Number of protein chains: 2
Amino acid sequence: MKTNALYKRTYNQCLDLLARAAPGRPLASEPQMAATLGVSRTTLRAVLAELSARRIVAIDGRAKVLLRLPERADYLDGTDLEPLAEMVERKFMAWMVGPECSPGQIINGLDLARQFGVSTSAIRDCLSKFSHFGLLERQSNGRWRALGLTVDFVTELFDMREFMEFRALDRFMALPPEHPAWRALSGLEEEHRAMLADIDRRYRDFSDLDHRLHRLINGVAPNRFFINIQGVMSVIFHYHYQWNKKDEKERNHVAVEEHLAYIAGLESGDIAKARAACGFHLKTARSTLLASIEVATGP
Amino acid sequence: MKTNALYKRTYNQCLDLLARAAPGRPLASEPQMAATLGVSRTTLRAVLAELSARRIVAIDGRAKVLLRLPERADYLDGTDLEPLAEMVERKFMAWMVGPECSPGQIINGLDLARQFGVSTSAIRDCLSKFSHFGLLERQSNGRWRALGLTVDFVTELFDMREFMEFRALDRFMALPPEHPAWRALSGLEEEHRAMLADIDRRYRDFSDLDHRLHRLINGVAPNRFFINIQGVMSVIFHYHYQWNKKDEKERNHVAVEEHLAYIAGLESGDIAKARAACGFHLKTARSTLLASIEVATGP
DNA sequence: GGCATGATTTTTTTATATAAAAAACAGTTT
DNA sequence: AAACTGTTTTTTATATAAAAAAATCATGCC
């Protein structure tokens with residue numbers, strides 16, 4: 001049976017929307033609201049039905065009126081607000097870097113299904129996805145073997161990343177000065193400076209900025225295989241740094257400075273300089289990740 | 001219900017094995033036979049049971065005797081000798097390059113399941129796999145969109161390939177002269193010459209040789225992400241050239257010559273020369289694939 | 001004791017069933 | 001006519017069930 005996490009999240013989002021409206025005012029039409037919330041009209045209608053049952057809105061034909069502002073208690077909560085696939089993915093990553101999993105080990109899908117409280121098909125999907133990430137391998141007998149978030153993995157991932165970033169860097173610098181990417185780059189530079197000025201409070205926003213800078217540079221010569229590898233990196237970073245909050249502020253501070261040097265290198269027009277700054281930044285990122293893996297798995 | 005394609009293929013393989021034995025001679029033990037055939041003892045025992053029922057072998061405790069040589073009629077045949085996943089994959093690729101699929105189109109999984117005569121889960125697995133190949137994309141609403149075997153796809157794939165092959169080439173040439181890879185390379189050179197001498201009859205064996213040469217060069221600095229992309233390339237070549245037999249002989253003849261130039265470049269120790277030969281070969285491969293796509297989809 | 005067979009248990013693969021969600025269809029209202 | 005709502009159909013996500021295949025256990029033979 002499919003979960004209705006989407007319905008629940010949409011319901012909550014809809015409450016957020018209503019909280020900004022004034023009671024007594026009519027609401028937008030169904031297609032409009034559905035578009036705003038990014039779901040199908042079917043889902044929106046289920047939400048509206050519930051809102052009507054709770055006497056938050058009154059529905060009469062196409063006249064929809066907000067009866068009262070939503071309250072704290074109106075919101076749905078619970079663990080099932082998260083899509084199933086994401087939940088499984090999260091638990092799996094936690095399992096993979098935890099003590100129960102060692103590199104080279106056979107993965108027992110049935111057992112994971114029991115542990116995570118989901119069906120085997122959900123596990124299958126998850127394993128299939130992570131095998132493309134290179135964290136797992138399929139054996140000839142159909143079983144899955146864990147490869148793990150090892151030093152090898154990080155090395156191979158960063159080798160690839162470095163190589164690709166240099167390639168993108170070369171192409172980026174070959175862009176004519178009037179190309180919009182240069183404007184976007186100075187926009188990002190400004191944002192970096194703004195963050196740096198208030199780094200103590202804003203250091204958590206770095207990961208978004210990081211993402212955008214690398215996407216800008218690599219977006220010049222789009223390549224789906226590269227984007228795929230970037231996606232792998234995102235996921236690894238996302239999970240890994242979620243558990244490794246240690247030194248986060250210091251780490252991000254350093255990274256912002258490195259980004260600024262990288263941007264300066266690009267803007268200088270001097271390829272050697274840009275490459276050096278880029279290489280330096282990637283090297284730091286690599287050793288930071290490696291160090292935090294070694295902490296997690298023991299020396 | 002799971003298919004028993006493995007059992008059937010193992011049964012046929014076992015007949016092949018028995019065909020090389022002499023009637024009256026005892027057979028190897030179950031674990032030994034299972035290992036030879038690369039399956040579990042459970043599957044082997046099912047095969048032995050059938051062989052016994054057909055009076056091909058007599059089983060009495062641990063004494064197994066071949067009663068008669070297997071005949072043509074003993075072999076199992078039919079479409080279900082192919083593993084389900086492979087069958088779906090094959091049909092899907094044919095569908096994708098056929099007239100029913102145009103780039104950008106939404107893929108209807110239910111419909112494909114009906115067309116191919118399989119369940120939706122089999123289709124789902126297949127779509128999930130090909131999405132990692134960059135031939136499909138998943139939309140936010142959960143649907144799959146075909147991207148197709150387009151010029152863009154080939155361009156991006158070959159950009160990646162070129163870029164990775166050059167990287168591997170550099171590392172390969174940095175190997176010390178006593179490294180076993182050099183011996184392996186001259187072995188491959190010999191094989192290329194042997195094939196060239198008899199190209200009219202042996203041109204079909206080229207794809208194996210191609211695979212081995214590129215694997216040797218790229219195997220020096222193994223990287224799972226690279227291997228993944230190589231896998232994509234293999235699959236594309238496999239399917240595409242299966243349908244495009246036109247000029248196969250001429251094409252392979254040219255490629256063998258280019259390989260020899262590439263090998264000579266590597267052995268010369270001159271990086272520029274090796275890179276040039278490599279670049280030339282990859283360029284030919286790229287335009288050959290592009291040309292054959294344009295033939296397939298119209299000018 | 002080491003390896004073989006026979007029987008049992010576990011795990012994986014695949015089809016099917018059902019709820020959720022999307023899309024399509026058909027009237028209605030403005 | 002354009003856009004809306006109510007209804008129906010189609011498609012997707014997920015759990016479940018059952019066969020195939022692998023692994024494990026128990027026992028016996030040399």
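Note on naming: letters A, B, ... go to the chains in the order of the sequence lines (proteins, then strands), and numbering restarts at 1 for each one. Given the structure is predicted, the values throughout are model-derived calculations rather than measurements.
As rounded to whole Å, 16 Å separates atom P of C:dA19 from atom NZ of A:K8. Straight-line distance from the CD atom of B:E30 to the P atom of C:dG6: 6 Å, rounded to whole Å. In this structure, the CG atom of A:D60 is 12 Å from the P atom of C:dT29, given to the nearest Å. Atom CG of B:D80 and atom P of D:dA19 are 17 Å apart (whole Å).
Outside the 6.0 Å centre-distance limit, the rings of A:F133 and A:F153 are not counted as a close aromatic pair.
Nearest-nucleotide mapping onto DNA chain D: of A:R62 and B:G38, the residue sitting toward the 5' end is A:R62.
The closest side-chain heavy-atom distance from B:F237 to B:H211 is not below 4.5 Å.
The heavy-atom pair separating B:I229 from A:F225 by the smallest distance is CD1-CB, 3.9 Å.
For B:D208 and B:R212, the salt-bridge test passes: some basic side-chain N is under 4.0 Å from an acidic carboxylate O. Salt bridge annotation for B:D77-B:K8: absent, with no cationic side-chain nitrogen under 4.0 angstrom from a carboxylate oxygen. The pair A:D74-A:R68 counts as a salt bridge, with a side-chain nitrogen and a carboxylate oxygen less than 4.0 angstrom apart.
For the segment residues 40-59 of chain B, the set of residues with a heavy atom within less than 4.0 Å of an atom of DNA chain C comprises B:R41, B:R45, in numerical order.
A search for salt bridge (charged side-chain N to carboxylate O under 4.0 Å, His left out) contacts involving A:K64 returns nothing, not counting sequence neighbours.
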Next on the checklist: Base contacts versus sugar-phosphate-only contacts with protein, heavy atoms under 4.0 Å: please encode nucleotides 10-17 of chain C as B, S and - from 5' to 3'.
Outcome noted: -SBBBBB-
Checklist entry - Can A:E86 and A:R90 be said to form a salt bridge (charged side-chain N to carboxylate O under 4.0 Å, His left out), step by step? => result CA-CA 6 Å; A:E86 270 176 37; A:R90 185 170 50 76; over 6 Å; no
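Backbone-only engagement by A:Q32 is indicated by non-hydrogen atom pairs under 4.0 Å involving sugar-phosphate atoms exclusively.
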